[in-house]
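To keep things clear, I will list the structure first and then write my remarks on it.
Each chain gets a letter, A, B and so on, in the order its sequence line appears, and its residues count up from 1. What you see is a predicted model; the values in this text were computed from it and never measured.
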There are 2 protein chains.
Amino acid sequence: MEDIAQIYKALSEQMRLRILMLLTHGELCVCDLMAVLEEPQSKVSRHVAYLKNSGLIKGRRVGTWMHYFLKEPLEGLVAAHVEFLKRELSGLDWARDDVEKMKEVQAKKLCEAPPSVTRKRASGTTGTAAAGMAGNKGKRKANS
Amino acid sequence: MEDIAQIYKALSEQMRLRILMLLTHGELCVCDLMAVLEEPQSKVSRHVAYLKNSGLIKGRRVGTWMHYFLKEPLEGLVAAHVEFLKRELSGLDWARDDVEKMKEVQAKKLCEAPPSVTRKRASGTTGTAAAGMAGNKGKRKANS
DNA sequence: CGAATCTATCTGCTTAAACGGATATAAGAA
DNA sequence: TTCTTATATCCGTTTAAGCAGATAGATTCG
């Protein structure tokens, strides 16, 4: 799996770079990624799968959710590249924007909390939801 | 042109990595690259063109030949990546092998010398050619 | 000029992988 | 079990780019 070209293939899509940079800040579930990236689920899942198959990230199931995170420890050259990315890309505009949005998304805690709590918050109290509704592009029907 | 994903696309083929690593040792013409890589001319040219269009290398004409070399100075992120490649890949088996073969190829000086000299050497004295014929896969008809 | 050589590009074909939408699967809640 | 949610995967389509072989352009030599 020391195929360097394969590492670069994995890094050669902006979407995957964005996902990787987000994961350098901690693990995230697919729905959080969808919310941050504002991309359809199949697209996010596809790219996450690619990164997983390339040996860059791993996933673990947490209830209904899959949480993805950087594989640690990474093998030699892959590790060097990820360090490189952290160092060189974290200052770029798009990376900063994504991290900022990630914090907003996580503040809403739609995914991280136990399912029961989440479910009730989302449908029951519209107050907290309204406060953080900015950027929600109809991903979740308000009340139905 | 600070599209990071595009940099990684350029690096995501083994053939292009090999070319780049060779060029870290100095400029080379296409026919030398063909000899080292043992690949057809259209393939070498195609990958060289890709690297050129991605802003990693440049070419200059020297008589009949095109010599390619790493673009200097490279822009920020590209430069960092090339430095990274030099540091991390130069010890790999395939990279060492290619450099070694490059030195053999250049020792024959089929390309670097002025065309007239080259032409006469190649067709006139078969002695020098025979000494370095190893690895020549019918690329050049011996006498026709 | 014509011949030879080096390189770039075109041709037709093939493959990898992108995409969005639909569907299947897995797990918790009711 | 049935419903809902989260995620993975399948579908048909599209695009980028791989390939080898053929051809065209550039340059130098005679």
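Look at CG on B:N53: it is 10 Å from P on D:dA17, rounded to the nearest Å. D:dT9 atom C1' lies 11 Å from atom NZ of A:K52, rounded to whole Å. Taking atom CE of residue B:M66 and atom C1' of nucleotide C:dT5, one finds them 15 Å apart after rounding to whole Å. Protein atom NZ of B:K58 is 15 Å distant from nucleotide atom P of C:dA8, rounded to whole Å. Nucleotide C:dA8 holds its C1' atom 13 Å from the CD1 atom of B:I57, rounded to whole Å. Look at CG on A:L28: it is 11 Å from P on D:dT7, rounded to the nearest Å. Between the CD atom of A:Q14 and the P atom of C:dA18 there is a distance of 14 Å, given to the nearest Å. Between B:H67 atom NE2 and C:dT5 atom P the separation is 17 Å, expressed in whole Å.
Between C:dC6 and B:T64, no contact under 4.0 Å exists linking OP1 or OP2 to a side-chain N or O.
Closest of all the heavy-atom pairs between A:L11 and B:Y8 is O-CD1, 3.3 Å. Contact between A:R87 and A:S90 at its shortest, heavy atoms only, is O-OG, 4.1 Å.
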I'd like a list of close polar pairs between nucleotides 18-25 of chain D and the protein, N/O only, cut-off under 3.5 Å.
residue	atom	partner	partner atom	Å
D:dG18	OP1	B:R16	NH1	2.6
D:dG18	OP1	B:R16	NH2	3.1
D:dC19	OP1	B:K43	NZ	2.9
D:dC19	OP2	B:R46	NH1	2.5
D:dC19	OP2	B:R46	NH2	3.0
D:dC19	OP2	B:H47	NE2	2.7

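Considering NZ of B:K71 and OG of B:S54, their distance stands at 10.0 Å, rounded to 0.5 Å. For the atom pair B:L70 CG and B:M21 CE, the distance stands at 9.5 Å (nearest 0.5 Å). If you take OG on B:S12 and CD1 on A:I4, they are separated by 12.5 Å, rounding to the nearest 0.5 Å. For the atom pair NZ of B:K86 and NE2 of B:H81, the computed distance is 14.5 Å after rounding to the nearest 0.5 Å.
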